[in-house]
Amino acid sequence: MQNNDKYDFKTIEKKWQQRWEQENTNKVTHQGGRPKYYVLEMFPYPSGRIHMGHVRNYSIGDVIARYKRMQGFNVLHPMGWDAFGLPAENAAMKRGIHPAAWTYENIDYMRGQLKAMGLSYDWDRELATCRPDYYRWEQQLFLKMLDQGLIYRKETTVNWCNDCQTVLAREQVIDGTCWRCDQPVQPKIMNGWFFKITNYAEELLADLSKLSGWPEKVVTMQRNWIGKSTGLACDFKVADSDQTITIFTTRPDTVFGVTFMSLAVEHPLLKALTAGKPQEPEVNVFIRQTIIDKQRASLDQEQDKKGVFTGSYCINPFTGDRVPIYAANFVLMEYGTGAVMAVPAHDQRDFEFAQKYGLAVRVVVQPTDEPLDLAAMTEASEESGILIASGPFTGLDSQAAQQAIIDFAEKSGIGRAHITYRLRDWGISRQRYWGAPIPVIHCTTCGIVPVPQNELPVLLPGAGELKGNHSPLHQQEDFIATTCPRCGKAAKRETDTLDTFVESSWYFARYTNPGLTTGPIDQEAAAYWLPVDQYIGGVEHAILHLLYARFFTKMLRDLGYLTVDEPFTNLLTQGMVIKDGAKMSKSKGNVVDPNELIEQYGADTVRLFSLFAAPPERDLEWNAQGVEGASRFLNRVYRIISQNLSCFKSSAAIEVTSLNESSRQLYRKTHQTISRVTENIETNFHFNTAISGVMELVNLVAATTGEQKAIDPAVLRETLETVLTLLFPMVPHFCEELWQVSGHRQPLHTAFWPQYNLEAAREEEITIVVQINGKVRAKLQVPADIEDQALQQAAVNDEKIASLLENKVPRKIIVVPKKLVNIVL
RNA sequence: GCGAGCGUGGUGGAAUGGCAGACACACGAGACUUAAAAUCUCGAGGCCUUAUGGUCGUGGGGGUUCGAGUCCCCCCGCUCGCACCA
């Protein structure tokens, strides 16, 4: 073998990376007549070095970006750093350096890694959320939201992670533990800032129907998370008192079956209801115990239903019945009104509770299939049906009754139609250092005063010098002390920093003009580029990040910055990288370092493997031998092209009519491959099958050129050019190099995606399957344009079929045009 | 419990209701080589059969259809999400 047949990826990759960088190949503006395409991968946290999940994510994104460029689109493909967050603080503590220093070091290193992968980012647009030129605009947005009443402050019981020393949003609590450190979360009463995401609950829900380019699974998860319920809010008077308790129910049709009421232990009226009653001491014990149980049991599943009678009764406004009020451990204060009308016959929880405490069960809805026998009931009947024993509503079906009862309640002033959501407002206060400071000042005279625009950004102390104190801001006296912008007296700065999910909620809009110095978002650039046409990332962000980004988009639209309703038209949730049956992670000790692989095989091989081993949405099982295979394939292509360079010398056109059989076959296969690869990419980004298509073509080239079959040089040239063009988005350095070696003057990245020629791709002969009773009995070679009638004739006349048929007369013959004949006996 | 998804050779995976297992990995045999690596050629789902061929086969059971990996119903298993949401 000749020396120059060796695929020297190290030299090649370096060469092209340098050239692309020098020529600023991937720089784009929002000018020009080409249609735009915005492809975005979820930006990484600069944790130190990239992992295989990143490699996979960015390889997928890069193929799409390069493919769309070749299709003639003006492609925006940016990269940046989601740079605030706790790991920086932990690492800083451990190593005795500043979180900013650690973060910027990591960014520099990881940027180098991404460049070594040959990813086609417009690096001029790189942003890092921890830089003041990013977070100052976030602070400005915060102030605008504050001004618009979209932010408020309240005291709540928050989820506190003692290890991380911070509050967590509800979405960040997983099975009662912290999403980051896995430690149990505890409740704590604190004052904090909230975004009114619930203002947008209805729109966030309704617009899910616009997201046809999202996986159904993610849409469903979001819908469940928003959790809309419609029903009746109804006021129950407390007997012998002027108090009223409002309940919420989604089953107003069961209101005649109420036999007791249950309250959450945190319900504000609970103390008053039991005050002075003999039950008071017992109730107080129960409240304390339940609160403790709730904390401790957050990890485990459901607890037993428990409760205690308060000593008070309330009046069912529909029946006038006097029913006992219980405090119960299963009622949530955070949902509905914290008070539940209990209908044991038609609610399983109430049923269990009633059984345990000997409370009455009253059937009021009769399912249509079989009547309920109260004595025989072992569980509640939650189905709808026909109302019985329900006063004027008796005889209505559940659905009609719900509306009639709500109407009645509204007319008589005892209740009203009500909608409730599971979605809660977004708590954004964090007691951490490494985050964007919340730009307000607390003044004893003026209260909460926004930091004036011209004083932004409120800089994170010490972050600029990459040294100094980096304890949480409430421990930094120098930072806290300030004067009130309104009255001039001594005042204190807010010491909370923003949840890092705020940064990632609008970065995709900032990318459209990240250098803008006059505001957070360049409205013209954003109007041009947004929405993101293709967003790519892990499914673990299906709820948190994607919901927040959708909320921000709608809010920024209402504030006049954006013109779109939804940020991401199409979403691709890529699967995890698995090894030995588990997700790659440090704790499992099964990580594969991409650096070593790139060092050993080259970036193109690693990219090719990660695209070939599985379709993008599925989990990818890591396989070291698979990388070997990808490497082997590239070497093979390199060799084949090196050995056939002579075909590039002439630019003669293909004379179809004069081609020999092998040349015609290769010509045909080439165009079939273009068609197939294009379709694989267009329909669902199934690069694995696209690659296998190119492999088949390469296999055919090897088979036909290897045996001196005199392939027409023009055909061979077209085939090899096609191979390089089709593979270019996946293995760009490799293809660019061979493109140049084969004598092309214009670089491949400026070339257009090949068009396939329908005429060229058409087969002259096709194989037809002949079945008898659905079993394959013969195969026929027939002209591709055969008519059904002739096809059927040919099948019946086939020697083998004829002998199998003997003299039997077929009952029926099915002809699938150009595919199959099935003879039914 | 509710919701979503998945189940195909030794492995990753491929199949608009129409030849199951493309492509690749691993494996076996051969060629080249003093040898190895690399490369090239061939083989390969199970069972029966010398081959030809036959037969079974996409988690299990039923159904629709001329024809089912694919559509429908039931069951089993795995993965993910939510979970006392009134």
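Per chain, numbering begins at 1; letters A, B, ... match sequence-line order.
- Nucleotides B:rG7 and B:rU58 have their C1' atoms positioned 9 Å apart, rounded to a whole Å.
- Side-chain N/O atoms of A:Thr250 include none lying less than 4.0 angstrom from OP1 or OP2 on B:rC85.
- Nucleotides B:rG57 and B:rU70 are separated by 13 Å at their P atoms, to the nearest Å.
- Backbone-only engagement by A:Lys775 is indicated by non-hydrogen atom pairs under 4.0 Å involving sugar-phosphate atoms exclusively.
- Within the nucleic acid shown, A:Asp350 has no heavy atom closer than 4.0 Å to any nucleic acid atom.
- Looking at the side chain of A:Lys812, the nearest of the listed nucleotides B:rC66, B:rC85, B:rA86 is B:rC66.
- Using a 4.0 Å heavy-atom criterion, one finds that A:Phe612 contacts the bases of the nucleic acid, with or without backbone contacts as well.
- Distance from the side chain of A:Gln625 is smallest to B:rC25 among B:rU55, B:rC25, B:rC80.
- Among the heavy atoms of the strands lying under 4.0 Å from A:Asn623 are primed sugar atoms or P, OP1, OP2 only; no base atom is included.
- Regarding contacts with the backbone of B:rA24, a side-chain N or O of A:Asn699 is found under 4.0 angstrom from either OP1 or OP2.
- In this structure, CD1 of A:Ile245 is placed 20 Å from P of B:rA86, rounded to the nearest angstrom.
- Applying the 3.5 Å distance criterion, the base of B:rU16 shares a donor-acceptor pair with the side chain of A:Lys819.
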Could you walk me through whether A:Val770 and A:Asp798 satisfy the side-chain contact (heavy atoms from CB on, under 4.5 Å) test, starting with their C-alpha distance in whole Å, then the side-chain angles of each, then the deciding distance to 0.1 Å, before giving a yes or no?
CA-CA 9 Å; A:Val770 184; A:Asp798 178 78; 5.9 Å; no

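- Closest to the side chain of A:Asn329, out of B:rC84, B:rA22, B:rA86, is B:rC84.
- Rounded to a whole angstrom, the distance from the C1' atom of B:rU39 to that of B:rC47 is 37 Å.
- In this structure, A:Arg632 reaches the B:rA26 phosphate: one of its side-chain N or O atoms is under 4.0 Å from OP1 or OP2.
- For B:rU11 and B:rG62, the P atoms lie 26 Å apart once the distance is rounded to whole Å.
- Across residues 687-696 of chain A, A:Asn688, A:Thr689, A:Ser692, A:Met695, A:Glu696 each have a non-hydrogen atom less than 4.0 Å from an atom of RNA chain B (numbered order).
- Spacing of P atoms, B:rG60 relative to B:rG54, comes out at 25 Å, to the nearest Å.
- Comparing B:rA22 with B:rA44, their C1' atoms are spaced 16 Å from each other, to the whole Å.
- Here, B:rA37 and B:rG12 have their C1' atoms 26 Å apart, quoted to the whole Å.
- Taking the P atoms as reference points, B:rU16 lies 15 Å from B:rC6, given to the whole Å.
- With B:rC25, B:rC84, B:rG18 as the choices, the nucleotide that has an atom nearest any side-chain atom of A:Gln771 turns out to be B:rG18.
- Residue pairs meeting the salt bridge (charged side-chain N to carboxylate O under 4.0 Å, His left out) criterion with at least one partner in residues 684-697 of chain A, sequence neighbours excluded, are A:Lys669-A:Glu696, A:Arg676-A:Glu696.
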